*Asks:* 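The following block contains the structure, expressed as structure tokens.
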Amino acid sequence: MKVKMATSDQFPISGLLIHPPDSETRAHEDPVHSRTLKAPRVLLASVTLLASLCLGPLCAKAEPDADLIARGAYLSLLGNCEHCHTPGHFLGKRDDSKALSGSDVGFWDPVAGTVIGPNITPDIETGIGSWSSADLKKALTTGERPDGRMLSPVMPWQDLARLHDEDITALVEYLKSLKPLKNQVVGPLGPTESVPVHTLRLTPPETGSQR
């Protein structure tokens, strides 16, 4: 049976036309398959472009939630995070330009040693920039760091663990939104190690002392 090929002006599809196969390939095609109209390259390209336009927003990185970050900042303020993690606070001259980049005063305990509030800005080398959101949530609610070390009891993670999950998420998003500040904080230090900063000391009462 002789098949009459459709011309390009007979099948308009959304402004695009289905064309017959290239003339140079007809002689080598299976007679049966040659009856099937092939999708033109321009139509295929258009479909690909349409798919990329539709799926692109799904693949794009979500913008930070400003309201969530603002709530995290508010909770950080209520929790006094700046007190233990900002230089100068315990010395009466807090440097807010270096907020949360690490303290310059440590907490000394005769048994546990000295812990200094670390840098909790998202700096990769000296802060928490390499921590995932899940890492931060785990540290805030269980006291366990990504490396498996437990945080000092000075860090009130037991209290944070009682917050609603959305509040923990807000704190995490706030911390991740901060400007990364490079400041290497030493520690933790053992009870007999030399401490290079001022310390707040928890000392046992003197034996036989009267009050």
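These numbers come from a predicted model, not from an experiment.
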*Asks:* Please collect all ring pair (Phe, Tyr, Trp, His ring centres under 6.0 Å) contacts where either partner lies in residues 66-96, sequence neighbours excluded, each pair once.
*Replies:*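 Passing the test, one end in residues 66-96: H83-H89, F90-F107.
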*Asks:* Show which side-chain atoms of residues 195-202 pair as donor or acceptor with protein atoms under 3.5 Å away, not counting sequence neighbours.
*Replies:*
unit_1	atom_1	unit_2	atom_2	d
T199	OG1	R201	NE	3.0

*Asks:* How about T121 and I128: do any of their side-chain heavy atoms sit closer than 4.5 Å?
*Replies:*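 The answer is no, as the side chains (C-beta and beyond) never meet within the 4.5 Å cut-off.
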*Asks:* Hey, are R94 and D96 close enough for a salt bridge, meaning a charged N less than 4.0 Å from a carboxylate O?
*Replies:*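 Salt bridge between R94 and D96, a charged N being under 4.0 Å from a carboxylate O: yes.
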*Asks:* With sequence neighbours left out, what residues match S103 under side-chain hydrogen bond (donor to acceptor under 3.5 Å, both in side chains)?
*Replies:*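 If we apply the side-chain hydrogen bond (donor to acceptor under 3.5 Å, both in side chains) test to S103, skipping adjacent residues, there are no hits.
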*Asks:* In the hydrophobic clustering (ILVMFWY, side-chain contacts below 4.5 Å, transitive), which residues join L77, or is it alone?
*Replies:*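 Its cluster mates, by chain and number: none.
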*Asks:* Sort and list the pairs that fulfil salt bridge (Lys or Arg N to Asp or Glu O under 4.0 Å) and have at least one residue in residues 67-78, not counting sequence neighbours.
*Replies:*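 Only R71-D167 qualify under salt bridge (Lys or Arg N to Asp or Glu O under 4.0 Å).
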*Asks:* Does the pair M155 and C84 meet the rule for a side chain to side chain contact (heavy atoms under 4.5 Å, CB included), with working shown?
*Replies:* CA-CA 9 Å; M155 169 64 185; C84 296; over 6 Å; no
*Asks:* Check for a donor-acceptor pair, side chain of D95 on one end and backbone N or O of G88 on the other, with a separation under 3.5 Å.
*Replies:*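 No, the answer is negative, given that no donor and acceptor are paired below the 3.5 Å cut-off.
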*Asks:* Can you run down the ring pair (Phe, Tyr, Trp, His ring centres under 6.0 Å) pairs that involve residues 132-182, sequence neighbours left out, and say none if there aren't any?
*Replies:*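 Every pair satisfying ring pair (Phe, Tyr, Trp, His ring centres under 6.0 Å) with a residue in residues 132-182: there are none.
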*Asks:* Check side-chain hydrogen bond (donor to acceptor under 3.5 Å, both in side chains) between D135 and all other residues, then give those that pass, not counting sequence neighbours.
*Replies:*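 Per chain and number, D135 pairs via side-chain hydrogen bond (donor to acceptor under 3.5 Å, both in side chains) with S132.
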*Asks:* How many angstroms lie between atom CD1 of I116 and atom CG of D104, to the nearest 0.5 angstrom?
*Replies:*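 CG of D104 is found 9.0 Å from CD1 of I116.
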*Asks:* Using the side-chain hydrogen bond (donor to acceptor under 3.5 Å, both in side chains) criterion, which residues pair with D123? Sequence neighbours excluded.
*Replies:*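 Scan of D123 (side-chain hydrogen bond (donor to acceptor under 3.5 Å, both in side chains), adjacent residues dropped) gives T126, K182.
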*Asks:* Mind checking what makes side chain to side chain contact (heavy atoms under 4.5 Å, CB included) contact with D159, not counting sequence neighbours?
*Replies:*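 Partners of D159 by the side chain to side chain contact (heavy atoms under 4.5 Å, CB included) criterion, ordered by chain and then number, come out as P156, R162.
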*Asks:* Quick one: side chains of residues 138-152, donor-acceptor pairs under 3.5 Å with protein atoms, not counting sequence neighbours, listed by atom name and distance.
*Replies:*
unit_1	atom_1	unit_2	atom_2	d
T141	OG1	K137	O	2.6
T142	OG1	K138	O	2.5
T142	OG1	E144	N	3.3
R145	NE	D147	OD1	3.1
R145	NE	D147	OD2	3.3
R145	NH2	D147	OD2	2.9
D147	OD1	R149	N	3.0
S152	OG	V154	N	3.1

*Asks:* Remaining members of L181's ILVMFWY cluster at a side-chain heavy-atom cut-off under 4.5 Å?
*Replies:*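 Grouped by the 4.5 Å side-chain rule, L181 forms a cluster of one, so the answer is none.
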*Asks:* Measure the CH2-CG distance between W131 and L175 for me, rounded to the nearest 0.5 Å.
*Replies:*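 It comes to 10.0 Å.
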*Asks:* Quick one: does N183's side chain have a donor or acceptor within less than 3.5 Å of a partner on S101's backbone?
*Replies:*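 Here the side-chain-to-backbone pair exists.
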*Asks:* Applying side-chain hydrogen bond (donor to acceptor under 3.5 Å, both in side chains), can you list everything that pairs with K179, at least two apart in sequence or on another chain?
*Replies:*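 Testing K179 for side-chain hydrogen bond (donor to acceptor under 3.5 Å, both in side chains), a comparison that skips the adjacent residues, returns none.
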